[in-house]
Number of protein chains: 2
Amino acid sequence: MRKGEETRTRILDVAEAAVLQKGFGGTSIEELIAETGITKSGFFYHFKDKNELAKALLNRYIENDERIYDEIFSRARDLMDDPLQSFLLGLKLLSELLSDLPNGHPGCLVATVCYYERLFDREIQETNRNAVLAWRRRFGRMLREIMDVYPPREPVDVDQLADMVSSVLEGGIVLSKTLKEPNTLAEQVLMLRTFVRLLFQPAVEQPLAVVRPAQAFGAAGGGQP
Amino acid sequence: MRKGEETRTRILDVAEAAVLQKGFGGTSIEELIAETGITKSGFFYHFKDKNELAKALLNRYIENDERIYDEIFSRARDLMDDPLQSFLLGLKLLSELLSDLPNGHPGCLVATVCYYERLFDREIQETNRNAVLAWRRRFGRMLREIMDVYPPREPVDVDQLADMVSSVLEGGIVLSKTLKEPNTLAEQVLMLRTFVRLLFQPAVEQPLAVVRPAQAFGAAGGGQP
DNA sequence: CCCCCTCCTGTACCCGCGGTACAGTTTCGA
DNA sequence: TCGAAACTGTACCGCGGGTACAGGAGGGGG
């Protein structure tokens with residue numbers, strides 16, 4: 001039971017690395033079993049076909065992805081009470097995490113699936129779609145909290161702004177990989193951070209450190225419930 | 001001579017559509033010859049192997065891509081003299097072009113190659129890299145012109161900002177395809193446009209249409225509002 | 001008019017890979 | 001010690017990428 005899970009994980013590890021470098025169509029089962037040190041029969045014991053492997057691979061990737069965002073943004077939330085500052089810190093932490101990856105970001109499975117769509121069944125395409133929608137909800141939730149406090153300088157649709165986070169991440173990965181410049185991705189996240197700051201930070205030159213105490217003071221003096 | 005070019009083009013057309021939907025590894029030569037109505041030998045007369053097909057496909061795609069950007073931004077340049085307004089108009093035109101695509105953007109070959117890298121030779125990877133660098137130079141050139149006139153509200157690296165355009169496009173394509181929401185890509189371009197406007201437009205609340213006459217009036221009359 | 005070059009078609013073949021089928025073996029916990 | 005889980009081994013199928021030629025249509029130039 002435990003042993004089976006371990007082998008399965010090892011196959012998924014090898015497969016994930018291969019698929020991110022060569023796509024699903026470019027990754028052969030034979031090379032996976034060679035690298036895992038398993039036999040073909042052993043492989044098909046765990047996954048009945050390539051589609052099932054893709055399914056497991058994608059689900060695991062998405063779960064892990066969600067876990068990472070949960071960690072980063074909840075840590076940012078702990079450190080900063082203000083929703084805007086917390087989000088900005090989260091983006092900072094994310095960019096640091098990305099620039100710490102030794103060989104750059106290995107690639108996003110969601111994008112890989114997206115560029116291979118026609119050869120997967122509807123279930124995988126739905127899973128992929130839901131992953132992107134989950135990103136939209138996640139970042140949208142945080143952005144709505146921000147907008148409750150800070151009116152944006154320009155009118156923006158919150159879902160579109162949330163999608164911008166995903167766009168910059170996906171696009172940044174493509175750029176980083178293509179250019180072979182691992183840092184480009186982290187820089188793009190920081191550029192997005194600049195956008196968010198610009199969009200929500202009050203028009204005064206100095207950041208919140210100056211503005212907020214005034215607001216808080218005013219509220220306290222004015223008599224809140 | 002003419003006939004050969006025509007067949008070659010037909011193969012490339014079929015191949016491009018297939019590759020954008022299924023990746024290189026997922027596209028078989030057999031399906032290409034079936035759809036073009038050519039024989040296997042005929043195919044290999046034009047392209048000695050799949051790598052050569054990819055090379056031709058990528059080069060053609062990049063050329064076409066460059067042509068489109070040339071057209072859009074030179075038209076925007078003709079209509080607007082101010083570099084910022086011209087760039088903003090260019091992004092508007094681009095987003096309109098993208099939202100007019102009947103079935104949404106079919107996908108970017110640069111991204112496809114990026115997610116298939118390991119199975120191509122160094123030449124293709126270099127071609128791909130150069131395409132992204134060309135985008136950086138193109139948008140960088142326009143952004144530099146803007147920065148000569150308008151100081152950005154936040155300090156930004158011009159190359160990173162130029163890359164942001166590519167990021168949002170590449171990421172927007174992935175989102176649009178995955179979500180099966182053709183409009184998402186166009187919206188992302190407009191969101192980027194908001195960022196650029198916010199970053200460079202003078203701190204006054206009203207946009208140029210209102211601000212400019214007032215400035216002109218003030219300069220002529222010698223008095224301040 | 002014929003020759004040659006371009007642009008193919010047809011045939012035959014090799015091998016790697018996805019996938020199936022199924023029999024047999026190890027390992028390990030209940 | 002029994003049985004299920006987790007494999008191995010072997011044999012086989014058909015498709016797809018790719019090679020190797022041989023040959024044919026069609027047109028333009030000498």
Side-chain angles (χ1 to χ4, degrees), chain A residues 1-58 60 112-113 115-121 123-124, chain B residues 1-58 60 112-113 115-121 123-124:
Chain A
M1 292 167 173
R2 181 66 40 71
K3 179 96 177 301
E5 277 306 304
E6 196 218 315
T7 306
R8 207 183 134 95
T9 303
R10 243 171 53 238
I11 297 175
L12 288 174
D13 287 341
V14 171
E16 184 169 317
V19 165
L20 287 175
Q21 286 188 346
K22 295 172 292 190
F24 280 97
T27 301
S28 70
I29 293 178
E30 312 247 333
E31 79 178 273
L32 297 182
I33 67 179
E35 202 165 334
T36 349
I38 209 178
T39 61
K40 211 171 184 179
S41 323
F43 175 89
F44 284 107
Y45 172 78
H46 288 285
F47 308 97
K48 76 167 203 279
D49 56 20
K50 226 182 174 184
N51 199 74
E52 191 117 321
L53 172 70
K55 217 175 284 184
L57 219 48
L58 184 60
R60 195 182 72 146
T112 304
V113 168
Y115 275 107
Y116 198 67
E117 46 165 344
R118 285 272 164 228
L119 296 191
F120 288 132
D121 59 25
E123 187 186 339
I124 288 193
Chain B
M1 295 153 179
R2 176 73 38 72
K3 181 94 176 302
E5 277 306 303
E6 198 218 314
T7 306
R8 206 183 133 96
T9 302
R10 243 172 52 238
I11 298 175
L12 287 174
D13 287 342
V14 171
E16 186 170 316
V19 165
L20 287 175
Q21 285 189 347
K22 298 173 289 192
F24 280 97
T27 301
S28 70
I29 292 178
E30 311 247 332
E31 77 178 273
L32 298 183
I33 68 179
E35 203 165 333
T36 21
I38 210 180
T39 59
K40 209 171 185 179
S41 323
F43 175 89
F44 283 107
Y45 171 79
H46 288 286
F47 307 98
K48 76 167 203 281
D49 56 18
K50 227 181 175 186
N51 199 75
E52 190 118 321
L53 171 69
K55 217 176 281 183
L57 219 47
L58 184 60
R60 196 181 72 144
T112 304
V113 167
Y115 275 106
Y116 198 68
E117 47 164 344
R118 284 271 164 229
L119 294 191
F120 289 133
D121 58 24
E123 188 187 339
I124 289 193

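Remember, it's a predicted structure, so these values are computed and weren't measured experimentally.
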Engineer: In whole angstroms, how far is the P atom of D/dG17 from the CZ atom of B/F47?
Structural biologist: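 That distance rounds to 15 Å.
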
Engineer: For B/D49 and C/dC15, what is the distance between atoms CG and P respectively, to the nearest whole Å?
Structural biologist: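 From B/D49 CG to C/dC15 P: 19 Å.
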
Engineer: Look at the side chain of A/I38 and decide which nucleotide, out of D/dT8, D/dG17, C/dC8, has an atom nearest to it.
Structural biologist: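 So the side chain of A/I38 is nearest to D/dT8.
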
Engineer: Under 3.5 Å, is there a donor-acceptor pair between the side chain of A/Y116 and the main chain of A/G23?
Structural biologist: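 No, the answer is negative, given that no donor and acceptor are paired below the 3.5 Å cut-off.
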
Engineer: Measure NZ/A/K40 against P/C/dA21 and give the value in whole Å, please.
Structural biologist: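 Distance, rounded to whole Å: 14 Å.
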
Engineer: Given atom CZ of A/F24 and atom P of C/dG18, what is their separation to the nearest angstrom?
Structural biologist: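 Between P of C/dG18 and CZ of A/F24: 13 Å.
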
Engineer: Whole-Å distance between D/dT10 P and A/F44 CZ?
Structural biologist: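 Distance check: A/F44 CZ to D/dT10 P gives 18 Å.
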
Engineer: Measure the distance from CD1 on A/I11 to C1' on D/dC7 and round it to the nearest whole Å.
Structural biologist: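 In whole Å, D/dC7 C1' and A/I11 CD1 are 11 Å from each other.
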
Engineer: Carefully, step by step, assess B/T36 and B/F43 under the rule side-chain contact (heavy atoms from CB on, under 4.5 Å).
Structural biologist: CA-CA 10 Å; B/T36 21; B/F43 175 89; over 6 Å; no

Engineer: Choose from C/dC8, D/dT8, C/dG10 the nucleotide whose nearest atom is closest to any side-chain atom of B/S41.
Structural biologist: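 Output: C/dG10.
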
Engineer: Looking at every heavy atom in both A/E31 and A/G26, which two are closest together, and how far apart are they?
Structural biologist: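 Reported closest heavy-atom pair: OE2-O, 3.8 Å.
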
Engineer: Before accepting this row, confirm whether a basic side-chain N of the pair A/D13/A/R60 lies closer than 4.0 Å to the acidic partner's carboxylate O.
Structural biologist: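 A salt bridge links A/D13 with A/R60.
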
Engineer: Provide, to the nearest angstrom, the distance between the CD atom belonging to A/E5 and the C1' atom belonging to D/dA5.
Structural biologist: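 Answer to the nearest Å: 12 Å.
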
Engineer: Quick check: does any side chain N or O of B/K50 sit under 3.5 Å from a backbone N or O of B/F24, one acting as donor and the other as acceptor?
Structural biologist: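 Judged by distance alone, yes, a pair lies under 3.5 Å.
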
Engineer: Does the side chain of B/T7 come within less than 4.5 Å of B/R10's, by heavy atoms?
Structural biologist: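 Contact flag for B/R10/B/T7 side chains = yes.
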
Engineer: If the helix axis at each end comes from five base pairs, how far does the helix from C/dC1-D/dG30 to C/dA30-D/dT1 deviate from straight, to 10°?
Structural biologist: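 Rounded value for the end-axis angle: 10°.
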
Engineer: Nearest 0.5 Å, what's the OG1-NZ distance between B/T112 and B/K22?
Structural biologist: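 Going from OG1 on B/T112 over to NZ on B/K22, the span is 12.5 Å.
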
Engineer: Atom OH of A/Y45 and atom P of C/dG24: how far apart are they, to the nearest Å?
Structural biologist: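 A/Y45 atom OH is separated from C/dG24 atom P by 19 Å.
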
Engineer: Between A/L20 and B/Y115, which heavy-atom pair has the shortest distance, and what is it?
Structural biologist: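 Answer, listing the atom of A/L20 first, then B/Y115: O-CD2, 4.0 Å.
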
Engineer: Would a distance-only check, ignoring hydrogens and angles, find a side-chain to backbone donor-acceptor pair under 3.5 Å from B/N51 to B/A54?
Structural biologist: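 No: the side chain of B/N51 does not pair with the backbone of B/A54.
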
Engineer: B/H46 side chain N/O closer than 4.0 Å to the phosphate oxygens (OP1, OP2) of C/dT6?
Structural biologist: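 False: B/H46 side-chain N/O out of range (4.0 Å or more) of C/dT6 OP1/OP2.
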
Engineer: Let's see if you get this right: which residues in residues 27-37 of chain B place a heavy atom under 4.0 Å from DNA chain D?
Structural biologist: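 Under 4.0 Å from DNA chain D: B/T27, B/S28, B/I29, B/E30.
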
